[in-house]
Structure formats: structure tokens, C-alpha cells
Amino acid sequence: MISDGCERLRELSAAPLPTVFDQVCGSPRGLTEAEAADRLHRFGPNSQTPARDDGFMTGVRTCLRSPFLALLAGLCLVFVLVGDRKAAVTVAVMIALAVALRLWQRTRSMRAIRGVRELVTATATVRRRADEDAPSVARDIPVAALVPGDVVVLGPGDVVAADLRIASATDLVIDQSAMTGESLPVYKDATATQRRARGLVAVVDSVNLCLSGTTVVAGAATGIVVATGSRTYCGALARHAVDPRSESSFDHGVRAVSWTLIRFMLVLVPIVFAVNGLVSGAWGQAAMFAVAVAVGLTPEMLPVIVTSNLARGAVLLARERVVIRRLNAIQDLGAMDVLCIDKTGTLTEDRVVYAHSVDVTGHVDDTASELAYLAMHFQDGPHSRLDQAIAQWADEEQMPVIAEAAYTGVAEIAPEQSRRKQTVVVSRLHGEHMLLCKGDPDEVLPCCTRARVGDEVVGFHDELKSEARDLICAYRKRGMQVMAVAAKSRAAHSGRYHKTDENGLVLVGFVGFVDPVRDSASCAVTSLSQHGVRVKILTGDDGHVAQQVATQVGVTSDRVLRGKQIDKLADSRLQALAMQTAVFAELTPGHKARIVAALRDAGCAVGFLGDGVNDVAALRIADASIAPDTATGAAKQAADLILLDKDLAVIARAVIEGRRTLANTMKYIKITASSNFGNVLSVMAASMLLPFLPMLPSQLMMQNLLYDIAQLALPWDRVDPQYLRHPRRWQSSGMVPFMLIFGALSSVFDLATFAVLWWACGGSDSPSVFQTGWFIEGLLTQLAVVLALRSRALPWRGPRPAPVVVLGAVAVGVAGVLLPFSPLAEPLQMTAPPLGYLLWLAVVTSAYVAAAYAMKRWYQRWYLRRRVTNRCPRESCW
């Protein structure tokens, strides 16, 4: 599709203008209103980014795509089949709550994005006629109303809203950075220089085409619309924005954790069913018992806890002026170990600043900059970014007053088609004119026969030419842009000046400009590096410039891999080089996508920051895709996060927030799963030792519900600083040993409680007392162990739990102890245990917490040895 569109654009670029008008059924006078309305109906609105259905049902479908929700939905179905309506309703409410939280956050993000988008109303100036006989009139219309065949009038600052073949142009300069990543603007005119024989020339390099999404920097033009909407070059690239994105590291991790829990259920539930049925002979009760085990193994509030963590992370990032479009991307940020970014506007300020001027030999000399300003001051044509930087410097030096008082503008020689050289003629003394030429050194130097060295003018011999070119090369390697300045005095004459007068010039010197590196860039790169994130620069700019900027911000730049080199590499070789290289330059959109894909294939969790249509493909491939608010619509459509401030430091803080979110999520998953597994072991032991169920399914559901309510405070918990220093992913590798070890520990204390309830509290005569006693003990120990296992450090060394976490645990613990004495006791079939049992609760809870601390220290040493020996990934609980 893209290649077909490119071929058509090449043909239109090579065709004469009358042929172009015939192809699009247009006229130099413009379309009539009737023709425009008919074409708008036929071709549709001029929307470059394909419309997406962001309605309510689409949001619901997106929020339902979660393995955790599928797990709970299966459990809800089981409850329906066994006739337990209360349990089915409870699980259904949890699913609805998780979906509602995600939908709420998604709606907030979409509203914020729409609000920013609506701040600007885009229009285009076209020539239209009321009817065939009426004269054409230039008027503004919404860009969505543009159709093929329209004649569009462009001026400085206009955004090109459709693909145009230029019919006429005056000093037209276009910024194509959104397409190519190249920061310097390019010159365009109506000359058909691209022929079919040169069909391999990139469309963006066609001198007589203006592509949708580019911007007019200077000059004016009239163009014919040859493509609109998704049929434009930009629209073809933008279609990637709505392609199904590849699975991120979050998606892989969630699926692995879900299957770990499912495997435990598939193994243990049949075992419990068989053992209980064989021991008791009551297979109906055994089936209910197996359902209770399934309930016990499933962390019912898991989707709600995960979503609550993510929603809180989104709120905190919103304070950093980050809009979250895909909630799961917060944890992809935490997993990210490679961040690919562009240079311009991210590491640099995307502006040109005057640095200094030198003579031909490299000695600092303001003469070149003074003459450059004089030429710019009397220049009638459009001013470049370099001219504007010179003007800013001159304002500080009070030069405009001097120029107006001492000089008079005489003439301007027509600029070169390439816009790389400009010459003006000024007069200071009566009877004498001075030619001032400024521009690209490669264009100016061939016009020079002499050079100014100090106060003398000498011949511009080969040795001096070599020295000048070495100086230019050195400046460019330092990431600077260079302007050459030359001059010549001659007798005044009243005739016109021509390009042939641009000879025999005296090379005065060079003016250097820089795109300043952001003040926060170096600190942000350092912060990311300290937190285990490697920064890689992917840019369409020159390799020397990219390397220099990388050095300034602290990115390793020993090797620069260029786009032409990447074209020759196989995927396997590119994967190896991508891991070793930090600076990639002179890239096309395809190169960026290949690099991101190669890094992901190498096992990296990749973030990508892009702002142009040329970045869409890479944005869709990355684990975490990021776009600034100044990005094109297609880039923002493809991104997971949108930065309202294009500052790398914001990303560094977002990475830390992503890891904090994952840490608190994994606390719940691992600790809850281990506690639930311990309950299952206790139930299995009880099924062989007791003549009744140790806890009714309704009681088990209530216990889990109370516990999960307390864990809703976990998103506000503090996290070990050491945890935040390394990329973290959802990993199931550490879950199994964690569940087995701490689940077995929990079961040991449950069995001790069984003995106390059976022999000391009358549990042998009253199943209700036994079940109530274990209900309270199980709830208190689960709440306490969260406080014990929430951090890898001892409580007096590591970060203390957040007050809201402690308060939630205490409140739920008190509620659980008082439940048997409340009106809810009868529906739950509870009986208040003896008051002396409360003393046992204090003893067993304290002993369990102490044992958990001791086991935690042993587990950390054991797991560390295992990870080093087997090269396992980092533990994701602590």
C-alpha cells in the first residue's frame, strides 16, 4: 500500500503540471463548490490518522482483555454451576469493579487528550469558485474539507494538510522533520527534477512535492492537492498507529503469572476432591470442598488490586504532566531496560543559538558574524533559523542601529535553488558597493579567491583551503552548524546584479551555531543509567552531530551505526550490534522499527520516544511507547504515554513510578498466593483428620474479601530504594518456591491452631466454634504476614509501611475478630469462640510473624545462591 502510493507520487512529481491537473481532474482556477462537495462525499474527510472507535463498548472490550479477569470469570461460572449464588455475585462484583476502574482511568486519559487536541483548530487556504463562470476566491476551510484537485495557497507557518504538487513557489522552505527526522528545513520549488529514471529517489526528497504533516518555514507557494486522508504518504505511515500492537513485557508477565496460578488449581483441586471423597465417602461434599479450595487459591481481588496500583500510578504521573493512554504501560516502564530516543527536542532544545565566529585559521573574530548580520538585515527573502540566531545576537550588540545608520541596501542576488547561499549588495561609501555572501561553506568557498587572515587579505591557496575545510569538519564533528561569510567591494553601478557577480570573493570567516543540550538531559541520562536503563539515540540527523550530543549528555558514543550500514545487516547481526551500540544516525522509519524489534528479540524491554509520523512503526513495536504533546496526531495515536512536557527527566521519574507500582502489585500477588496455598494445605490436612469442613465456603469467601479490602491500601505503600534501581518485570519464576516455602510455614501454624481448637476450645464438639476460630486466626495471620514480607529488609532498617497500610490491616483485623459477635454471625454460621482463645491468637500471630522474618532471611540467601548459580532473573517480590 505504501509503495503504491509512493510510486504514484513519484509519477506526479515527474509529470508536467497540465498532466497533474488532468490526473486529479482539477483546474488552476480551483474547484467549484459543487465539485468539492461531491469529492468530499466520494473520498471522505481529510483525516490523516484513521479514526478509531473510542466509544464506551470499545473501552469495555479493551478493559476485559486480562488473564486475571478470565480466571475469575471461570471461577464465577463454577459457582453458578454448583448453585452458590452469593459467591457468584461476589466474584462478578469484583470483575465489574476492576473493569470500572480501568474504564474510568481510560476515559480520563481520552478526555485529556481530546482537550489538548481541541485547543487548535486547523484550516487551509484554498481557491474555490461558486460555479464554472465565477472567479476563484481564496478562502479558509477546515483541513478536513480538503479534496483532491483543490488548489491550496501556502504561507509561512502553515501546516501542509494534504499531499501537494507545487504549481508555483517563491523562496519556499519546508520543515520535513516529522517525516524524516532531519532537523534542517529543505528548499522546494515547482521544478520537476525527479524523473522516472530516478524512481528510487525517496518521495520526501522530491523538490516539487509538499507532503502532508510538513510545515512551511518561509516563503509562499501554490499547490495542487493530489492525495488526502489515508491516501497521503503521511496517512499510509499513520495506518500503523491503529495496527494491533505487539505483546509487551507486561502482557508476557501477566500471562505467565496467570498460568502459574491456574496450574496450581488444576493440580490441587482434583487431589483435594479425590482425597476428601475417599476419606468421607460423601462425594457431593467433596465437590463443594474442591470448590472451596479453588476459591482459596484464587486471589479474587487481584484485578482490582492491579488496577488500583496502576490507577494510582497514573494519577501520580498526571502530576508530572504525563497522560496515560494504556494503563498497563506504567508497569512496562518499570520493566524497561532500554530507552530509545530522538536527539532533536529531547536531548536538545530544538533551536539554533549563535556560538561565535572565527577567521579562516580558527581564531575568534567577530567580523564574520557582523557581516552575516548585515547581509541578513538587508535581505528581502525569507530568513533561516541561522539568520534568526544571528539577529538575536546582534540585538544584544546594538547592531541594528549601526546597520540602519551606516549602510543602505542596494540589491539582492536571487538565491540558489538549494537555498544554501544568499548574497546581498549594500552601500556605505558613495560610489562603492559591497557584496555580502553567506551560506553553506560547500557553496561559498568555491566562489572565493582570497581570504582574510588577521588584518590582511591573502590568496586563498590550496594549503589555506585545506585548513579551512579541516576547520569546518571539526566544527561539524562537534555537532555545530557552520555558516561561511564572504565579501567583495566594487565600484557602484546602477545595473542589476547577477549570480555571475558572485566570484572573486574574499572569505572573511565562519559563524558557528549550536542546538543547546537541555539542562536536564545529562542528569536524566545519569538517573536512568543509575536505575538500570540504557539510553540509545535513534535519529535521522548527521552522525557527527548525534555523536557530539551523545557525548555531552553522557551516552556512550564510541560507535555510531548509520542507516546505510543497517541496510547491509541481517537481523541476527543487527541484533548483536544493537545491543552494543548506543548511537544510531541517518535513519529512516524502517531503520528505527528494525532496531526496536532487534532489541526486543534480544530480550530487552524497550521504550521508544518519538514525535513524527516516521516514528509510528517503532512506537507500535516498543513495549512502552512515548510521544510528546507536540508530536503528530499519528504518533500520539500510536503512543501509550503522552508527555505534556518534552523533558527526559519526566521519563526518568515515570520509570521509578512504574517500578513502585509493580513492587506493590507483586507484594499482593506473591504474599496472597502463598497464604492461599497455605490455606489449601491446611484444608487438605483437615480433610484427612477432621469429620467436618474446617471452614465453610461462605466463610472462606468472607475471609478472602476482608483480607483483600485491607490490601486495597497497598498501592500507597513505600518501596525499598534498592528495588527501584533495577528494571523489574512480571515474573513467575520466583512464585513457585515462594508459595511453597511460605505457604508451608503458614500451614504449620494453622495445624497448631487446629490442635488448640480441637482439644482446648471445644472444637471437637462444635464444628461452628472450630470453623470460626480458624477463620479469625487465618485472617489475622494473613494480615500480619503482609507487614512482615512487604519489604526485603527488617522493619527497623527498611522503609516503614505506609500508615494507611497499617491502618487498613488493623481495621480489618478488628472487624474480623468482632464478626462472630455481630448480626452477621448467624448468616455465616459462626459461633463466638471462648475469650481465652484470644490469648492464643496473640501468641500464634506473634510467633508466625517472627518465623516469617526468620524464613525471609533464609529465603533471600537461598534464592540469591540459586539465582547466581542458575543465572535466574532478579527476584521481583523484593
Side-chain angles (χ1 to χ4, degrees), residues 156-157 171-177 180 182-188 215-219 343-345 348-360 364-397 399-400 403 412-424 426 435-445 447-448 468 471-487 502 505 507-517 540-542 544-545 548-549:
D171 300 331
L172 182 63
V173 182
I174 297 290
D175 179 1
Q176 297 189 144
S177 58
T180 63
E182 173 60 52
S183 59
L184 293 178
V186 296
Y187 179 80
K188 299 278 186 177
T215 306
V216 179
V217 175
K343 171 189 68 66
T344 306
T348 65
E349 298 179 5
D350 194 16
R351 63 189 181 97
V352 176
V353 176
Y354 169 82
H356 58 258
S357 66
V358 296
D359 65 13
V360 181
V364 176
D365 187 347
D366 287 340
T367 305
S369 55
E370 291 170 357
L371 293 181
Y373 169 73
L374 197 60
M376 185 277 301
H377 183 78
F378 290 103
Q379 174 183 320
D380 293 328
H383 293 154
S384 67
R385 297 173 74 186
L386 303 186
D387 292 334
Q388 293 167 4
I390 284 281
Q392 186 176 1
W393 165 80
D395 287 342
E396 298 172 358
E397 300 292 328
M399 288 198 62
E412 180 175 358
I413 298 177
E416 294 288 306
Q417 278 193 351
S418 61
R419 295 292 299 172
R420 298 171 68 190
K421 179 176 63 177
Q422 290 165 316
T423 303
V424 299
V426 299
L435 279 75
L436 301 175
C437 180
K438 62 181 178 64
D440 190 312
D442 295 336
E443 294 288 332
V444 175
L445 264 62
C447 301
C448 299
L471 180 63
I472 295 167
C473 184
Y475 269 72
R476 287 173 173 170
K477 286 184 177 179
R478 292 171 57 189
M480 298 180 69
Q481 297 183 49
V482 184
M483 173 190 289
V485 180
E502 294 176 329
L505 300 179
L507 181 60
V508 177
F510 304 104
V511 185
F513 304 85
V514 295
D515 182 358
V517 172
D541 278 352
D542 177 75
H544 295 307
V545 176
Q548 178 63 25
V549 171

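Remember, it's a predicted structure, so these values are computed and weren't measured experimentally.
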Problem set entry | Interatomic spacing from CE in M483 to CD in Q422 - rounded to 0.5 Å | 8.0 Å
Exercise. Is the shortest heavy-atom distance from the side chain of H377 to the side chain of V424 under 4.5 Å?
Worked result: no
For this session: Determine the minimum heavy-atom distance between V360 and L471, stating which atoms define it.
Result: O-CD2, 3.6 Å
Problem set entry | Shortest non-hydrogen contact from C448 toward A486 | SG-CB, 3.7 Å
Problem set entry | Validation row: L436, F378 side chains within 4.5 angstrom (heavy atoms) | no
For this session: Could you tell me the separation between the NZ atom of K421 and the CD1 atom of I413, rounded to the nearest 0.5 Å?
Result: 8.5 Å
Seminar exercise, completed: Taken to the nearest 0.5 Å, the spacing of F510 CZ from L445 CG works out to 5.0 Å
Seminar exercise, completed: Nearest heavy-atom contact between P516 and V353 is CG-CG2, 3.4 Å
Exercise. Can you tell me how far CD1 of I390 sits from OG of S357, rounded to the nearest 0.5 angstrom?
Worked result: 7.5 Å
Problem set entry | Point-to-point distance, once rounded to the nearest 0.5 Å, from CD1 of I174 to OG1 of T215 | 7.5 Å
Problem set entry | For D365 against T367, the heavy-atom pair lying closest together | OD1-OG1, 2.8 Å
Problem set entry | Distance in Å, H356 NE2 paired with D366 CG, rounded so as to fall on 0.5 Å steps | 10.5 Å
For this session: Identify the two heavy atoms, one from A391 and one from M376, that lie closest to each other, and give their separation to 0.1 Å.
Result: CB-CE, 3.4 Å
For this session: Quick one: closest heavy-atom pair of L507 and V485, and the distance?
Result: CD1-O, 3.6 Å
Exercise. Between Y354 and Q388, is any pair of side-chain heavy atoms under 4.5 Å apart?
Worked result: no
